[in-house]
J.: 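Just passing along the structure, written as structure tokens.
Naming convention: chains lettered A, B, ... in sequence-line order (proteins, then strands); numbering from 1 in each chain. Note that the structure is a prediction, hence the values are computed from the model and not measured.
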Amino acid sequence: MIGLADCNNFYVSCERVFNPALKGVPVLVLSNNDGCVISRSPEAKSLGIAMGEPLFKLNAIIKIEGIKVLSSNFALYADIAHRVMNTISSLVPSIEIYSIDEAFINFDGIEREKVIELASQIVSKVLKNVGIPISLGLSYTKTLAKVATTLPKRNPYLKGSFLMDDWDEIDKILERIPVGDVWGIGKRSSAKLVTLGIESALKFKSESSMRVNSLMGVRGVRVWSELRGEKCFGIEENSPDKKEIRTSRTFSRGSSNHERVIEALAKFTAYSAQKLRAQGGVTSKVILFFYSSPFQNSGKVETRSIALPLERPTDNTLQLVKRVSSAALNSLTKGVVYKKVGVILSDIVKKTPLQPLLFDSGGCEKGDKLMHSLDEINAKYGRDSVVVATEGVDKRLTKREYLSPKYSTKWEDIIVVNCR
DNA sequence: TCTGGGGTCCTAGGACCC
DNA sequence: TCTGGGGTCCTAGGACCC
């Protein structure tokens, strides 16, 4: 058996842990720039507020219903997610952390009665220890476990967990699940399937593998097999290293100031490089991308991306920032308002002692030590405690008007150090 | 006026090789 | 006038996930 533990409206639940005044009332958590809704309390859901709804369309209802609105506070959510995962881990042999608020759980080799008991124990312990309500569904495959998790979410009498192992019952449940709600079937595929009359998960499951293959390719067939109880996706305990690491932001108002854009790119490079070092990797290709504002050029968004191959793979923030900022300096166009920019570290491989270049001046080891200190200081005193001067200092280009206090993570005063 | 961010995998097509 | 077959690698774009 495979379980899926899914935190209920996670971001809202996190805010509620520290602010009891948010309990029992409609609450929304917003995306960056306070742009749109990314988490809703059940009360907000029942007011008909959709996921992804832009904030500016909700002004009236927020006022009338007294909805509490919060900017997202990802440092807080990551910290609480960590506690949730640790609690689950402590009760079971192995888990796979699938996303910030979800984990697959391996229940292999545990008998049915024990599985049910353990599942409800996990639910109550996470609530008691961390204060986060979760739903836990169990079945034969990851895809079926995903389906199973939707039941305790909708039916409070299940008290948070549900074991879905009877095939007659599974089919009855699948019959009521729209095909587009199945994990792995997105908007495009579901539109295609629905026009062919394949509207429910059960109908999809009843198709032939040939038909599914011709409609959706190999990935569709995997989803189809999983719905039939055939495991295609195993539990991966050790998350594999990232193949690319990206950081990007949409600016609340857009910027045509090249200096600001370059500062932002430098910051994104530094964040990405920090993650790269954390996984012990080096990158040999950096990609910059720019989206122009849709409010210029009669709604047409111009996208540009520039790939920068590196002579030698690196994880050094200073080298990367230098490369990125000089490339950006040459590529930004005067007069264009940039709305979104980002950095992708690509072609990542494990860091190994590398052959020195023929005409290398050395100094690599020194750079490693410096990066190590940089990471240590920033881990201890908070992100951005020490930055590369190219990043500039605290010029917020994104908007967060409704931020909750830093309940569980400390964020000390900024120290500026010139690393050039 | 105002609509997020970070990932993975697959496929098709082009360039190139022998 | 006639113009092969098989393979790899890379990239861009599509689709999907939370």
J.: Within the structure, does a side-chain N or O atom of A:Asn32 lie under 4.0 Å from either OP1 or OP2 of B:dG5?
T.: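 Checking B:dG5 against A:Asn32, a side-chain N or O does come within under 4.0 Å of OP1 or OP2.
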J.: Report which part of the nucleic acid A:Phe74 touches: base, sugar-phosphate, or nothing (heavy-atom distance under 4.0 Å, all strands).
T.: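 A:Phe74: no heavy atom of the nucleic acid under 4.0 Å.
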J.: Examine B:dT3: is either OP1 or OP2 under 4.0 Å from a nitrogen or oxygen in the side chain of A:Lys339? Give yes or no.
T.: yes
J.: Atom CD1 of A:Ile348 to atom P of B:dG6: distance rounded to whole Å?
T.: 14 Å
J.: Within the structure shown, what part of the strands sits under 4.0 Å from A:Thr247 by heavy-atom distance: base, sugar-phosphate, or nothing?
T.: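 Result for A:Thr247 = sugar-phosphate.
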J.: Considering only side-chain heavy atoms of A:Lys242, which listed nucleotide, B:dC9, B:dT8, B:dC2, is closest?
T.: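 Out of B:dC9, B:dT8, B:dC2, the nucleotide with an atom closest to A:Lys242's side chain is B:dT8.
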J.: Here's a test of your reading of the structure: between A:Glu244 and A:Arg249, which maps to the more 5' nucleotide of DNA chain B?
T.: A:Arg249
J.: Looking across every strand, which nucleic acid part, if any, lies under 4.0 Å from A:Arg219 by heavy atom: base, sugar-phosphate, or nothing?
T.: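 Touches a base.
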J.: Nearest whole angstrom, please: distance from the P of B:dT1 to the CG of A:Leu55.
T.: 16 Å
J.: Report yes or no: is the cationic atom of A:Arg222 (NZ for Lys, CZ for Arg) under 6.0 Å from the centre of the six-membered ring of A:Phe233, at an angle within 45° of the ring normal?
T.: no
J.: Check side-chain contact (heavy atoms from CB on, under 4.5 Å) between A:Ser272 and all other residues, then give those that pass, not counting sequence neighbours.
T.: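 side-chain contact (heavy atoms from CB on, under 4.5 Å) check on A:Ser272 returns A:Ile245, A:Thr247, A:Leu345.
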J.: Does A:Asp101 reach a base, just sugar-phosphate, or nothing at all? Heavy atoms under 4.0 Å.
T.: sugar-phosphate
J.: Is the phosphate of B:dG4, meaning OP1 or OP2, less than 4.0 Å from a side-chain N or O of A:Ser248?
T.: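 Answer no for this pair, as no side-chain N or O of A:Ser248 is under 4.0 Å from OP1 or OP2.
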J.: For A:Leu30, which contact category applies under a 4.0 Å heavy-atom criterion: base, sugar-phosphate, or nothing?
T.: nothing
J.: Counting Watson-Crick and G-U wobble pairs whose two distances are both under 3.5 Å, find the runs of 3 or more in a row that involve DNA chain C.
T.: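 As far as DNA chain C goes, consecutive pairing (with distances under 3.5 Å) yields the stems B:5-18 with C:5-18.
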J.: C:dC17 P sits how many Å from A:Arg188 CZ, rounded?
T.: 13 Å
J.: Using whole Å, what does the distance between atom C1' of nucleotide B:dG7 and atom CZ of A:Arg246 come to?
T.: 7 Å
J.: Whole angstrom is fine here: how far is it from CD in A:Glu53 over to P in B:dG4?
T.: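 Taking CD of A:Glu53 and P of B:dG4, I get 13 Å after rounding.
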J.: At less than 4.0 Å, is any side-chain N or O atom of A:Lys340 found next to OP1 or OP2 of B:dT3? Yes or no.
T.: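 A:Lys340 to B:dT3 OP1/OP2: no side-chain N or O under 4.0 Å.
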J.: Quick check on A:Lys153: does its NZ atom have over 12 non-hydrogen neighbours (other residues, nucleotides or ligands) under 6.0 Å away?
T.: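 Enclosed: over 12 neighbouring heavy atoms sit under 6.0 Å from NZ of A:Lys153.
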J.: Using whole Å, report how far CD1 of A:Ile245 lies from P of B:dG7.
T.: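 Spelled out: CD1 on A:Ile245 to P on B:dG7 is 6 Å.
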J.: Base, sugar-phosphate alone, or nothing: which one does A:Val182 contact when heavy atoms must sit under 4.0 Å apart?
T.: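 Since only primed, P, OP1 and OP2 atoms lie under 4.0 Å of A:Val182, the category is sugar-phosphate.
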J.: Any base atoms under 4.0 Å from A:Lys142, or only sugar-phosphate, or nothing? Heavy atoms, all strands.
T.: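 Counting heavy atoms under 4.0 Å across all strands, no contact is made by A:Lys142.
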J.: Measuring from the side chain of A:Lys146 (C-beta onward, heavy atoms only), which nucleotide among B:dG4, C:dC17, B:dC10 has the closest atom?
T.: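 In terms of side-chain proximity for A:Lys146, the closest of B:dG4, C:dC17, B:dC10 is C:dC17.
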J.: For A:Met210, does the CE atom have more than 12 heavy-atom neighbours from other residues, nucleotides or ligands under 6.0 Å away?
T.: no
J.: Are there more than 12 heavy atoms of other residues, nucleotides or ligands under 6.0 Å from atom NZ of A:Lys68?
T.: no
J.: By nearest heavy atom, map A:Gly217 and A:Pro240 onto DNA chain B; which one lands nearer the 5' end?
T.: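 Taking each residue's closest nucleotide, the earlier one in sequence belongs to A:Pro240.
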J.: Rounded to whole angstrom units, what separation is found between the CG atom of A:Asp347 and the P atom of C:dT11?
T.: 7 Å
J.: Does a donor on one side chain and an acceptor on the other come within less than 3.5 Å for A:Ser99 and A:Asp101?
T.: yes
J.: Within less than 4.0 Å of OP1 or OP2 of B:dT3, is there a side-chain N or O belonging to A:Thr250?
T.: no
J.: Measure the shortest side-chain to side-chain distance between A:Arg16 and A:Ser41 over non-hydrogen atoms and say whether it is less than 4.5 angstrom.
T.: yes
J.: Using whole Å, report how far CG of A:Asn59 lies from P of B:dT1.
T.: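 The distance from CG of A:Asn59 to P of B:dT1 comes to 14 Å, rounded to the nearest Å.
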J.: Side chain of A:Lys243: nearest nucleotide among B:dC9, B:dG7, C:dC16?
T.: B:dC9
J.: Could you tell me whether A:Val37 contacts a base, only the sugar-phosphate backbone, or nothing, with contacts defined as non-hydrogen atoms closer than 4.0 Å?
T.: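 A:Val37: no heavy atom of the nucleic acid under 4.0 Å.
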J.: Determine: side-chain N/O of A:Lys285 to OP1/OP2 of C:dC10, distance under 4.0 Å, yes or no.
T.: no
J.: Within a reach of under 6.0 Å around NZ of A:Lys63, are more than 12 heavy atoms found that belong to other residues, nucleotides or ligands?
T.: no
J.: Determine the interatomic distance between C1' on C:dC17 and the same-named atom on B:dG4; round to the nearest Å.
T.: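 Between the two C1' atoms, the distance is 15 Å.
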J.: Does A:Glu226 reach the main-chain N or O of A:Thr143 with its side chain, forming a donor-acceptor pair under 3.5 Å?
T.: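 The answer is yes, because a donor-acceptor pair under 3.5 Å joins these two groups.
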